[in-house]
Asks: 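My questions all concern the structure below.
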2 protein chains.
Amino acid sequence: MANQAAGKGNSIRACNQARILVAAEAVFAEAGFHGATTASIAARARLPKANIHYYFGTKGALYRAVLANILDLWLGALDAIDVSRQPADALGDYIRDKMYWSRTRPNASKVFANEILHGAPQLGGYLANELRRRVDQKAAVLRHWVRRGLMDPVDPVHLIFSLWAMTQHYADFEVQVRAVLGRKRLSDADFAAGADTIVKLVLDGCGVRQGRAAAVARARLKA
Amino acid sequence: MANQAAGKGNSIRACNQARILVAAEAVFAEAGFHGATTASIAARARLPKANIHYYFGTKGALYRAVLANILDLWLGALDAIDVSRQPADALGDYIRDKMYWSRTRPNASKVFANEILHGAPQLGGYLANELRRRVDQKAAVLRHWVRRGLMDPVDPVHLIFSLWAMTQHYADFEVQVRAVLGRKRLSDADFAAGADTIVKLVLDGCGVRQGRAAAVARARLKA
DNA sequence: GTCTATATATGGATAGAC
DNA sequence: GTCTATCCATATATAGAC
């Protein structure tokens, strides 16, 4: 009887926790940490307010759980920038990947942006450690491509900042993008046009040599 | 007597209002609208809390006053993109101008970013009207340069989004930039390196023809 | 015109019934 | 394990003394 209750309880638990996390991400994205209320999160999750505290203890703990989910997403994205690949493919894929997340998970991007905007009180350690190390690795990859003559000498870390800025803009500043484009909702075509523009800016802006041009650059380096 | 009192009162009034506005911009930037408290704004302005309400009525009215100040700043920046100028100069100046504001008025940028991030409840009208019209004008200028062969065909509106995103990133995501660069404080040199990277990305990314190359492009168009 | 002291509302958190 | 009812801290706003 206890086991059955526990089994059923765990199932309800997992389901309710997931519902709360989804609702919380949306509410934190819309209103920020202080603007979000446990009542509004509960209402969106269609659960009584006390359940929020039952499952996550405090509003702060729930917020940290939402952030942890988002970091999992963010960590994977930089994988595209791999030294074994062609810079054009790697950078193009990374940009389109980030735009995919801006389109499909705008709330995740907004919660992250809000956290950074207000001084990263929860993520300070993550930025200074995991993220910094990861960016340093990817900067080394970009420097390698520069040395091999596959792209112009561009400051790799500032380039990465620009990649983040341009792609996340479509999630974080979505209201402004919609207003300026005169759209009620951003379409897939809008995101594609944005991605194309960013890819061209970055590939031409970094002087990325593709195909025959890359081969010529390699040959020149050997001579 | 009444005049003297009024004169003195107006002077104190102007001074206190200005102090409150400066303090409010900083607190709204750090904490967002809901996170900011009238008490913390008053403390930063070194005035009693009740003065905030005496001068601005409500917290919301004070917030709108801060936003209005920021829009004055923002409106001027796009002036650099003028049809009578060379695209390289215009785009370069615009980028360096925006970076200047990110460096010297990061709080203004953060308050604006926070407002947009959370759906622009106050600025929705401004975005759909003034800003949209202004972007449309500047997009026409960029299209003109494209037609004259001075730069590659690039979607002008998405290009403007990227310009905003890359430059404002250094104010809005300053904590992340600092953490990744391993700085306690961003130096003028850091901002200069960022600006140089963005200028190169944009000028080369848009295939902006300068000097002799521009003359060749013009000659080709005539032939 | 300035500021202290307070009214009122909201929201985070919890006790205790079911 | 779930939820109603309630406590208490915080924050906006104001009344009224100076």
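Convention: sequence-line order gives letters A, B, ...; per-chain numbering from 1.
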Asks: Between dT14(D), dG1(D), dA13(C), spot the one nearest the side chain of Lys59(A), thanks.
Replies: dA13(C)

Asks: Any sub-3.5 Å donor-acceptor pair from Arg178(B)'s side-chain atoms to Leu186(B)'s backbone N or O?
Replies: no

Asks: Which parts of residues 25-38 of chain B get close to DNA chain D, meaning a heavy atom less than 4.0 angstrom away?
Replies: Ala36(B), Thr37(B), Thr38(B)

Asks: Protein within reach of the bases, or only the backbone? For nucleotides 3-8 of chain D, mark each nucleotide 5' to 3' as B, S or -, using heavy atoms under 4.0 Å.
Replies: BB----

Asks: Among residues at least two apart in sequence or on other chains, which ones pass ring-ring contact (aromatic ring centres under 6.0 Å, His included) with Trp101(A)?
Replies: none

Asks: I need the CG-P distance between Leu62(A) and dG11(C), as an integer number of Å.
Replies: 16 Å

Asks: So, Tyr126(A) and Arg132(A): side-chain donor and acceptor under 3.5 Å apart, yes or no?
Replies: no

Asks: Indicate whether OP1 or OP2 belonging to dG1(D) is found under 4.0 Å from a side-chain N or O atom of Tyr55(A).
Replies: no

Asks: When you check the side-chain N and O atoms of Arg13(A) and Tyr54(A), is any donor under 3.5 Å from an acceptor?
Replies: yes

Asks: So for the helix from dG1(C)-dC18(D) to dC18(C)-dG1(D), with five pairs setting each end axis, what is the inter-axis angle to 10°?
Replies: 10°

Asks: Find the distance Ile20(A):CD1 to dG1(D):P and express it as a whole number of Å.
Replies: 13 Å

Asks: How about Asp172(B) and Ser109(B): does a side-chain donor come under 3.5 Å of a side-chain acceptor?
Replies: yes

Asks: Using the benzene-type ring in the case of Trp, are the ring centres of Phe191(B) and His158(A) under 6.0 Å apart?
Replies: no

Asks: Verify, without hydrogens or angle tests, whether Asp97(A) (side chain) and Asp93(A) (backbone) share a donor-acceptor contact under 3.5 angstrom.
Replies: no

Asks: Looking at side-chain heavy atoms only, is the closest gap between Thr38(A) and His53(A) below 4.5 Å?
Replies: yes

Asks: For a quick test of reading the model: is some side-chain N or O of His53(B) closer than 4.0 Å to OP1 or OP2 of dT14(D)?
Replies: no

Asks: How many Å lie between CD1 on Ile52(A) and P on dG1(D), as a whole number?
Replies: 16 Å

Asks: Do any side-chain atoms of residues 64-75 of chain A form donor-acceptor pairs under 3.5 angstrom with protein atoms, and if so which ones, sequence neighbours left out?
Replies:
{"from": "Arg64(A)", "atom 1": "NH1", "to": "Gln122(A)", "atom 2": "OE1", "distance (Å)": "3.3"}

Asks: Kindly write out the residues that satisfy ring-ring contact (aromatic ring centres under 6.0 Å, His included) with Tyr63(B), not counting sequence neighbours, or none if the list is empty.
Replies: Phe28(B), Phe33(B)

Asks: Ignoring hydrogens, what is the shortest heavy-atom contact between Ala171(B) and Pro106(B)? Give both atom names and the distance.
Replies: CB-CA, 3.9 Å

